[in-house]
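As the structure is a prediction and not an experimental result, all values here were calculated from the model. A, B, ... follow the sequence lines: proteins, then strands. Residue 1 opens every chain.
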Protein chains: 2
Amino acid sequence: MSRKPKRIRDAEVTKAQILDAAMEEFAKYGLNGARTENIASGSGVTKAMIYYYFESKETLYQEVLNQLALQLNELGLAKLNLKELHPEIALKTAVYEFINYQATHPKFGRILWHEALQNQGKYYKQIDWNQSYKYLLEILEKGMKQGCFRQLDPFLTAMHINGVCNFYFDAYENIKHLTPNIDLRSPEMIEKHAEAAIDFIMAGVVNKGE
Amino acid sequence: MSRKPKRIRDAEVTKAQILDAAMEEFAKYGLNGARTENIASGSGVTKAMIYYYFESKETLYQEVLNQLALQLNELGLAKLNLKELHPEIALKTAVYEFINYQATHPKFGRILWHEALQNQGKYYKQIDWNQSYKYLLEILEKGMKQGCFRQLDPFLTAMHINGVCNFYFDAYENIKHLTPNIDLRSPEMIEKHAEAAIDFIMAGVVNKGE
DNA sequence: GTCTATAATACGATAGAC
DNA sequence: GTCTATCGTATTATAGAC
């Protein structure tokens, strides 16, 4: 009579594995669509463990969002010290890093889109995302003040820049059908997107009249 | 003994009402998240009617996507005869009309985002969206050939333009929390977005060196 | 063509043994 | 700390009366 081998008991490890699998599942289906059974099997534990470490599926989801915000602030734009650079260089760098982040962390954007669409931003609201967003605003405002950027609405411009960077990745599952012969996820195409996006954005923002 | 008044029997009307309510529900929650009960109550019929007129929730969803593609082709860019205009005017018009379409048909973008995210474009693939997408490509290519647009990758540029137009609307539920004092859905703000988007896109595309 | 009632199942969450 | 077994409910879909 062989039994299922029992798991090594390690709270830290188990909790981290659940969070990882949860991020994967939430990225695919969002809070509502995610299945606790999938999170359990994805992390190699039973469903009951999820409720031992986290109060509910909802709490687990909130924790995933928290982790996301932490990761973004750590790995993201903070360490680049963009404020001290020339606005043009700062903006180019920020856009490049942001696209790179999207390419290497595809779950990030997807979770936030699911959040906006199916939860109407209910949980997004509970988390402070401002740091990363404000960097971009500051760069734009500084560039306008210095005259190297055109006079634009900083908020709308930030949204437009975001759209240029994001759409390629987050609408991928639809637009891949428009170009069946091109692998939009290949490093070469992503690099092309990054270059074209930077070119497009800079042309849209930089003041050529000087 | 009062009874629930029976519905007037009219197949056409009932079917249309179900489709309307379904579009509403799918726009909110996508195929998986949508509840047939909500679609039923939203259209004033019972759940059984959905299965009488449509094979299943899935079939109903496919029909909604079909309707969407039809509406887009009818109301959209086709009637503008953009090919005969100067590329700059054509692009400005296309962007303006597209933003206007998004503003007046918010369900359109939401359904497609849900489709990309939760179904990985499985049903999107079954429908021909090419017309509307190809208009934009043709405008860009014509402008580049004539020299009034810069030499850009037409496909990537089309994606970037799409991102500029869309993000404002489709990420609304998240970004509204970033600007609690501004109503991003007011006609004034949408008009500002449209103007800024056109300005941004034209600056990114038009060849200034001539 | 429309309804009520219900079958069948999937899923979040919990109890309790080990 | 981890497991198995199960409860309770929500939900898609169908059967059958009117």
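Under the 6.0 Å distance and 45° angle rule, A:K15 counts as a cation-pi partner of A:F54. A cation-pi contact, defined as under 6.0 Å to the ring centre and within 45° of the axis, is absent between B:R35 and B:Y29.
Atom pair B:Y52:OH and D:dG16:P shows a separation of 17 Å (rounding to whole Å applied). Taking atom NZ on A:K57 and atom P on C:dG12, their separation rounds to 4 Å, with Å as the unit. In this structure, the CE atom of A:M49 is 13 Å from the C1' atom of C:dA13, given to the nearest Å. Nucleotide C:dG12 holds its P atom 13 Å from the CD atom of A:E58, rounded to whole Å. Atom CZ in B:F54 sits roughly 15 Å away from atom C1' in C:dT2 (whole-Å rounding). As a whole-Å value, the separation of B:K47 NZ from D:dA10 C1' is 9 Å. Between A:N38 atom CG and C:dA13 atom P there is a gap of 15 Å when expressed in whole angstrom units. Regarding B:K15, its NZ atom lies at a distance of 14 Å from the C1' atom of C:dG1, rounded to whole Å.
For A:Y51, whose side chain is taken as the heavy atoms from C-beta onward, the closest listed nucleotide among D:dC3, C:dG1, C:dA13 is C:dA13. Picking from C:dA13, D:dC3, D:dA13 the nucleotide with the shortest atom distance to the side chain of A:T46 gives D:dC3. Nearest nucleotide to the side chain of A:T14, out of C:dT14, D:dT2, C:dG1: D:dT2.
End-to-end axis angle of the helix from C:dG1-D:dC18 to C:dC18-D:dG1, using five pairs per end and rounding to 10°, comes to 10°.
Close to D:dT2, at under 4.0 Å from its OP1 or OP2, lies a side-chain N or O of A:Y53.
A donor-acceptor contact under 3.5 angstrom links the side chains of A:N32 and A:N119, judged on distance only. Of the N and O atoms on the side chains of A:N166 and A:Q102, at least one donor lies less than 3.5 Å from an acceptor on the other residue.
Within the structure, salt bridge (Lys or Arg N to Asp or Glu O under 4.0 Å) contacts touching residues 48-64 of chain A (residues at least two apart or in different chains) do not occur.
Note: A:E173 CD to B:L117 CG = 8.5 Å, rounded to the nearest 0.5 Å.
Relative ring orientation between A:F200 and B:H160 is described as tilted, the plane-to-plane angle lying within the 30° to 60° band. Between B:Y168 and B:H193, the ring planes lie parallel to each other; the angle is under 30°, not in the 30° to 60° tilted range.
Each of A:E55 and B:A11 was assigned the nucleotide of DNA chain C with the nearest heavy atom; the assignment lying further toward the 5' end belongs to B:A11.
Non-hydrogen atoms lying under 4.0 Å from DNA chain D are contributed by B:A34, B:R35, B:T36, all within residues 26-37 of chain B.
By the neighbour-count criterion of 12 heavy atoms within 6.0 Å, atom OH of A:Y96 is sparsely surrounded, having that number or fewer from other residues, nucleotides or ligands.
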